Visitor: 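Have a look at this one before I ask anything.
Every chain is numbered from 1, with letters handed out A, B, ... down the list of sequences. These numbers come from the heavy atoms of this one structure, side chains and all, not from hydrogens, waters or symmetry mates. Keep in mind the model is a prediction, meaning the values are calculated, not measured.
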There are 2 protein chains.
Amino acid sequence: MNKKNRVTSYDVAHAAGVSQSAVSRVYRPGVSVSKKTREKVLKAAEELGYKPNAIARMLINQSTGMIAVIISSRANVNFPEVLAQLNKHIAEKNKRVLLFTLDDAEQLETVIEQILAYQVDGVVALTAHFEPDSVTQFAKHNIPVVLYNRELPDHSVSSVCCNHDQGLRMLVDILVNHHHQHFLIMAGPKDSDVARARLSGARNALLSHGFTDTNVVYGDYSYDSARECLSAYAEKNALPTAIICANDTMAIGAIDEIRENLNLRVPEDISVVGFDGISASSWHSYQLTTVSQPTYFMTKAAVETLVNLIESPDIPPETRYWPGKLIEGNSVAAAPRDNE
Amino acid sequence: MNKKNRVTSYDVAHAAGVSQSAVSRVYRPGVSVSKKTREKVLKAAEELGYKPNAIARMLINQSTGMIAVIISSRANVNFPEVLAQLNKHIAEKNKRVLLFTLDDAEQLETVIEQILAYQVDGVVALTAHFEPDSVTQFAKHNIPVVLYNRELPDHSVSSVCCNHDQGLRMLVDILVNHHHQHFLIMAGPKDSDVARARLSGARNALLSHGFTDTNVVYGDYSYDSARECLSAYAEKNALPTAIICANDTMAIGAIDEIRENLNLRVPEDISVVGFDGISASSWHSYQLTTVSQPTYFMTKAAVETLVNLIESPDIPPETRYWPGKLIEGNSVAAAPRDNE
DNA sequence: GTGAAAGCGCTAACAG
DNA sequence: CTGTTAGCGCTTTCAC
């Protein structure tokens, strides 16, 4: 191990001919130091290449300025954008993102242990495998948690969610307005909360129009899985006139499968809708009708809720829903007559 | 501010009826403690909900176990994958990712200051705006740095790079083998190192086949920019028979522009090649001929290089090149005769 | 406004 | 194997 030739506030104090606490004061906001002292200190610091040690500061302040962000690498495709924006909003609050991945339930204990050890100021969880138990652990240590696109049944933790019900209702309404009657739901992985929320949103919306028992196939959010499960479904079932997909990537996979292997057209023969509003959804070959999540506002809300909770731990848990925004593309048309 | 009711090793020691250092020993690897003591300590710790404070440990160990990863949010599209994999490899080395975004040169000083304050063990930089000066600053503080897909002219810092020259040579060779003679290079943003490397790779490869002065248009890596700059180019110039794009996203944009607005076919009328091997490149509507970066190996190499450097700071800077892998799609065909 | 001194929670010699 | 002790680099009273 290397012994870093660290330069400490004592070194600077010595060089500047002042006390160590004088040096400390120069680097703290809202503390009064005479101009003369400040200049002497800054000059010495510059010469020695001194930077205050945030670790030592953390130990005293009981605040690290770090926010743990937990993601699953297998997550829905819009996570990069979410992560980038979270990071930006967190940086604006003058805090830092400490990144954790949680891919399967077994790692849960380890990850939580590490997060607790690092004394983070708060946690943003974007992941499945995050059970009420985990939340309790953070609560015990007074570490605020905000869930992103995930809510606990008892709403005991603050959440920021896209309103998947409302989004799917808009999509289903469009399909129904186009006289569709034969639907297929292409759902996401069963262990994903978002996928479950979208599935139940689709079912509820269809139900409200009197459509019961709609068939469901399950993919894993990926393009390939969409093609595979649609292909398998088509072999054994009559084709629907409309497919409601759990995300845009699967919608795109469905479209390609319809065109390439089922030899049908989108939207003339089959209509397809997605969810997320990823950039590929607007590409000319697909032009998906979809619902985009207001990522900017949702990430901002998540960070603000968390920061408030850090400052005032007694704020009760709040669930904030954001409506999705309908993007009408060219992937929905009137249901074909001959299919009734 | 909340006064967290932290439980410290002293509390545990008291409850277990042992000394504080006994508690400490239980939580340190490779330190011998009697079974009896260990059990007493673990029991007390469990009851009190004790977790060792990593911050205090850092202060002594002179090692935080944190790696700063610097990204730019405007980066090339495959960054999410890179970040996820870096994070995974770093976690395997039992270290943590502290995330920093660097979008413009002005933030550079602030970001560096923060990274230094946080006493990270090392830095992985995936960003432009990272000048030799910045590297010097980290060197002064003995913080190892590894650049990802970026190299300094003097090779004074370790780098892990995809061999863009070799990748572009493969792509250009394919086009030349298909008798193409009229090329257009669609380059990425001028301030991106990767974009520059790919541009010069394309030029060199073309040059080696005797093609000089190939026209270049500049996009910003995005789908829209590709469409815009191709559209503007087409208004004033004869169309090429082959377009060499700086990344897959722009290649896809170019294909859509060719099909939708130029009313030509890909690959029959114009061939298009990309770079990166993003998942959309294999979608049925595009089937790009492209070169994929060995992201898994590159990220692993970057982390290993960095960890070695952390353990043995005297290792001289090394540049590791990884070859891209050619993926032959269906976006290249023989050059049309009538275009010569 | 400044310096002295007491910790933050832990690790790492050092005796016993 | 265990307890005692002295810090890691900083912030924060508290006198002056």
Visitor: Mind checking what makes side-chain hydrogen bond (donor to acceptor under 3.5 Å, both in side chains) contact with A:S312, not counting sequence neighbours?
Guide: none
Visitor: Does the side chain of A:D154 come under 3.5 Å of the side chain of A:S156 through a donor N or O and an acceptor N or O?
Guide: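 The criterion, which ignores hydrogens and geometry beyond distance, is satisfied for A:S156 and A:D154.
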Visitor: In degrees, rounded to 10°, what is the bend between the two ends of the helix from C:dG1-D:dC16 to C:dG16-D:dC1, using five pairs at each?
Guide: 40°
Visitor: Please report the distance, rounded to the nearest Å, between NZ in A:K40 and C1' in C:dT2.
Guide: 10 Å
Visitor: Whether the B:E109 and B:Q137 side chains hold a donor-acceptor pair (N or O, under 3.5 Å, no angle test) is what I'd like checked.
Guide: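 Yes, side-chain donor-acceptor contact under 3.5 Å.
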Visitor: May I ask you to decide if B:M66's main-chain N or O and B:T64's side chain share a donor-acceptor pair within less than 3.5 Å?
Guide: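 Between the backbone of B:M66 and the side chain of B:T64 there is a qualifying donor-acceptor contact (under 3.5 Å).
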Visitor: Determine whether a donor-acceptor pair (N or O, by modelled atom type, separation under 3.5 Å) exists between the side chain of A:S24 and the backbone of A:Q20.
Guide: no
Visitor: Closer than 3.5 angstrom, by distance alone: can the side chain of B:T295 be matched with the main-chain N or O of B:Q293 as a donor-acceptor pair?
Guide: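 Yes, the answer is positive, given that a donor and an acceptor are paired below the 3.5 Å cut-off.
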Visitor: Are the side chain of B:N149 and the backbone N or O of B:L126 linked by a donor-acceptor pair below 3.5 Å?
Guide: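 Absent.
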Visitor: Please state whether the phosphate of C:dG1, meaning OP1 or OP2, lies under 4.0 angstrom from any side-chain nitrogen or oxygen of A:S34.
Guide: no
Visitor: Generate the contact string for nucleotides 8-16 of chain D. Rules: B means base contact, S means sugar-phosphate contact only, - means no protein heavy atom under 4.0 Å.
Guide: BBBBB----
Visitor: Assess whether a salt bridge exists between B:K43 and B:E39, defined as any Lys/Arg side-chain N lying under 4.0 Å from an Asp/Glu carboxylate O.
Guide: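 No, B:K43 and B:E39 are not salt-bridged.
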